[in-house]
Protein chains: 2
Amino acid sequence: MGMKRQPSGEDKLIERFFKPLASHPGALSLSDDAACLTPPAGHDLVLTADMIVADVHFFADDPADTIGKKALRVNLSDLAAKGAEPIGALLAISFPGAVEEKWIEAFSRGLGEDCAAFNCPLLGGDTTKTPGPLSISITAMGKVPSGKMVKRAGAKPGDLVVVSGTIGDGALGLRVVKGDTALAQLTYEQLDYLKTRYRVPEPRMALATLLRDHANAAMDISDGLVGDLAKLAHVSGASARIETSKLPLSNAAYDALEYAAGYLRDILTGGDDYEVLAAIPAERYPAFAEAAGKAGVPVAAIGSFGPGEGVTVLGPDNEELAFGQGSYSHF
Amino acid sequence: MGMKRQPSGEDKLIERFFKPLASHPGALSLSDDAACLTPPAGHDLVLTADMIVADVHFFADDPADTIGKKALRVNLSDLAAKGAEPIGALLAISFPGAVEEKWIEAFSRGLGEDCAAFNCPLLGGDTTKTPGPLSISITAMGKVPSGKMVKRAGAKPGDLVVVSGTIGDGALGLRVVKGDTALAQLTYEQLDYLKTRYRVPEPRMALATLLRDHANAAMDISDGLVGDLAKLAHVSGASARIETSKLPLSNAAYDALEYAAGYLRDILTGGDDYEVLAAIPAERYPAFAEAAGKAGVPVAAIGSFGPGEGVTVLGPDNEELAFGQGSYSHF
């Protein structure tokens with residue numbers, strides 16, 4: 001008689017929803033205990049891990065496909081800022097007891113669309129239950145030509161402070177999702193744009209190779225521009241000075257500031273931008289900006305690094321703005 | 001005036017408790033957004049991720065140092081079974097609101113002791129808060145000579161079913177931690193031994209090279225011997241037959257069976273063994289067993305693989321035992 005192998009609920013879940021995302025041969029179709037990769041010749045590996053928790057980093061009732069996308073994209077954003085191209089990702093996820101198959105279907109569909117779009121297949125992972133909120137931990141691996149990872153430390157006095165895209169949309173989007181009535185004056189399209197920027201950030205993969213060629217230092221902006229700039233300047237042993245008049249703003253953020261100037265603080269410190277912050281030598285900036293524009297990613301120089309330490313932010317009337325912490329911290 | 005960089009609570013926590021564990025130069029002292037590794041020449045990379053959640057995989061009131069050790073060891077156990085030697089690990093951890101510094105100190109001390117003992121430095125990670133239970137997700141990376149990862153699929157009819165160490169101690173240890181009164185007849189030392197086996201499993205790193213040399217297939221036993229054997233047999237396209245009389249048991253497990261024969265089911269299906277399960281060709285087994293013994297890890301042949309499918313378990317009186325699921329599944 002004996003026992004035949006009956007697939008468990010966990011097996012079925014992996015087979016149905018996650019195996020289709022495991023297109024890399026090293027993932028062994030998720031049927032082994034580990035992934036096996038031949039490292040790319042002439043390259044270094046870049047590894048990053050981010051955990052996102054329901055009602056801390058996203059809302060449990062956000063559309064499930066956007067949660068899958070955000071979980072991957074916050075990691076891809078780190079790879080891009082380090083000059084790395086994705087190899088693959090591992091997913092560890094703990095589901096609350098009441099999770100529905102429909103939810104997992106939408107989550108894995110969103111994640112899978114992005115695994116394909118960003119050429120970052122699922123390599124392995126772990127699924128488990130939790131009595132707490134949904135928690136998603138993704139470890140992403142990328143590659144850079146040997147010795148070419150763009151570090152956070154490296155900004156030099158004279159380098160320009162450069163950012164990609166527009167700043168503050170994620171923080172304003174969070175306010176919209178939370179139902180901030182002061183933003184109700186924005187158009188429906190603007191509100192929708194801001195929500196999408198919060199829920200589905202745009203990792204700037206197109207900048208990876210350009211950062212390797214032009215940047216002295218870079219990181220992605222996840223915890224707020226001013227605080228993240230302070231981190232980059234600090235580990236580089238430099239100061240930084242930026243002007244809010246030079247901040248690249250979306251049309252929606254611009255209008256929001258018209259209605260309430262106080263949103264400037266959210267824009268500068270709110271986080272969830274997932275744009276690139278880079279130190280680019282002034283003489284290289286024109287070439288960098290031109291190449292970035294051609295790659296479809298607008299960039300803007302918003303200030304410069306200098307000797308000493310600390311970050312100075314000049315406000316709309318050239319007054320120095322004061323900040324406390326400057327960036328989000330969980331502790 | 002401007003803003004000087006004030007370390008956040010998160011920065012201080014990482015600096016104080018986790019930076020000492022990041023001895024690998026590629027970890028960049030945890031001061032960057034990602035780790036950067038030069039892959040070892042002539043080797044493949046082996047990647048595994050496991051998430052453990054309080055009151056699902058361990059108890060929130062387990063000693064904090066043992067939680068740190070278990071989180072790493074369950075991943076190291078996967079690497080060992082794949083024939084891989086550790087390179088390093090990434091830690092994503094979400095702390096409940098009320099976590100105390102003393103707890104984090106003990107957790108990071110336990111984790112750090114094992115990072116050092118198993119030569120698996122911390123490469124990076126993420127710390128966050130959660131409204132739910134403590135959740136720890138570790139991704140471990142190892143290396144094997146190119147093409148030498150020991151797969152789960154590969155067992156051939158005629159291979160012996162081989163396990164390391166003793167089976168069932170983790171499952172019995174879980175019963176002890178839960179206060180199973182039927183086990184109170186065991187000695188204090190036996191109870192302590194079983195609890196330790198549950199809380200601090202022993203990853204069989206010493207077997208990694210031997211498995212590469214001798215095994216056709218291997219995995220670690222985390223979800224119960226019978227179920228995990230069924231998985232290995234299934235992906236190998238083989239059947240398996242084991243005899244419980246050949247099971248290597250600890251003195252404590254042996255005595256527990258004397259008091260209550262019903263514990264045999266726990267021993268066979270309970271999980272948390274973190275021993276190696278391997279398919280070893282019969283002619284290689286003597287050399288494997290001798291080398292394993294010299295390396296300090298006893299191994300035992302408990303049956304063999306055959307053609308067809310399914311797992312047969314012969315009980316103490318040579319009767320076939322019947323099982324349902326055979327292994328733990330979260331879903």
Side-chain angles (χ1 to χ4, degrees), chain A residues 1-6 8-10 13 31-39 44-51 53 55-56 78 81-82 90 92 94 123-133 135 137 139 149 151-152 219-220 230 234-235 309-312 320 322-323 325-326 329-331, chain B residues 1-6 8-10 13 31-39 44-51 53 55-56 78 81-82 90 92 94 123-126 128-133 135 137 139 149 151-152 219-220 230-231 234-235 309-312 320 322-323 325-326 329-331:
Chain A
M1 181 179 94
M3 193 195 80
K4 283 203 185 165
R5 167 95 185 115
Q6 300 295 335
S8 68
E10 193 168 345
L13 186 149
S31 71
D32 210 307
D33 309 85
C36 183
L37 296 181
T38 303
D44 287 340
L45 299 168
V46 177
L47 286 155
T48 181
D50 272 308
M51 185 183 255
V53 178
D55 298 328
V56 178
D78 279 317
K82 302 289 101 185
L90 291 99
S94 54
L123 296 175
D126 193 22
T127 56
T128 182
K129 283 263 168 128
T130 176
S135 298
S137 168
T139 299
M149 187 178 103
K151 302 222 168 62
R152 198 191 270 189
M219 67 187 293
D220 74 332
H234 179 73
V235 294
E309 59 177 328
V311 169
T312 303
E320 286 189 16
F323 294 93
Q325 182 66 36
S329 169
H330 287 285
F331 296 88
Chain B
M1 182 179 89
M3 191 195 82
K4 282 203 188 166
R5 167 93 185 119
Q6 301 294 334
S8 69
E10 194 168 345
L13 185 149
S31 70
D32 210 307
D33 309 84
C36 183
L37 297 180
T38 303
D44 288 340
L45 299 167
V46 177
L47 287 154
T48 181
D50 271 308
M51 185 183 255
V53 178
D55 298 328
V56 179
D78 280 316
K82 300 290 101 185
L90 291 99
S94 54
L123 296 176
D126 193 22
T128 182
K129 284 263 168 129
T130 176
S135 299
S137 168
T139 300
M149 186 178 104
K151 302 220 167 63
R152 196 190 274 189
M219 65 188 293
D220 75 332
K231 289 177 198 171
H234 179 73
V235 294
E309 59 177 329
V311 169
T312 304
E320 285 190 16
F323 295 92
Q325 181 67 36
S329 169
H330 287 283
F331 297 90

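The chains referred to below are lettered A, B, ... by the order of the sequence lines, with proteins before strands, and numbering in each begins at 1.
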> Under a 4.5 Å heavy-atom cut-off, does chain A meet the side chain of B:D33, its backbone, both or neither?
both
> Does B:C36 offer a backbone N or O that forms a donor-acceptor pair with the side chain of A:D44 under 3.5 Å?
no
> Less than 3.5 Å apart, any donor N or O on the side chain of B:T130 or B:S94 sitting next to an acceptor on the other?
no
> Answer with side chain, backbone, both or neither: which region of A:L47 has an atom nearer than 4.5 Å to a non-hydrogen atom of chain B?
both
> What pairs with B:D50 under side chain to side chain donor-acceptor pair (under 3.5 Å), at least two apart in sequence or on another chain?
none
> From A:T139 OG1 over to A:L90 CG, what is the distance, rounded to the nearest 0.5 angstrom?
6.0 Å
> Side chain, backbone, both or neither: which part of B:L37 has a heavy atom under 4.5 Å from chain A?
both
> Partners of A:D32 by salt bridge (charged side-chain N to carboxylate O under 4.0 Å, His left out), sequence neighbours excluded?
B:K82
> Between B:M219 and chain A, which part of the residue has a heavy atom less than 4.5 Å away: side chain, backbone, both or neither?
both
> Pick whichever of B:A81, B:A35, B:A92 has the most heavy-atom pairs under 4.5 Å with chain A.
B:A35
> Measure B:V235 against the heavy atoms of chain A and call it side chain, backbone, both or neither at under 4.5 Å.
side chain
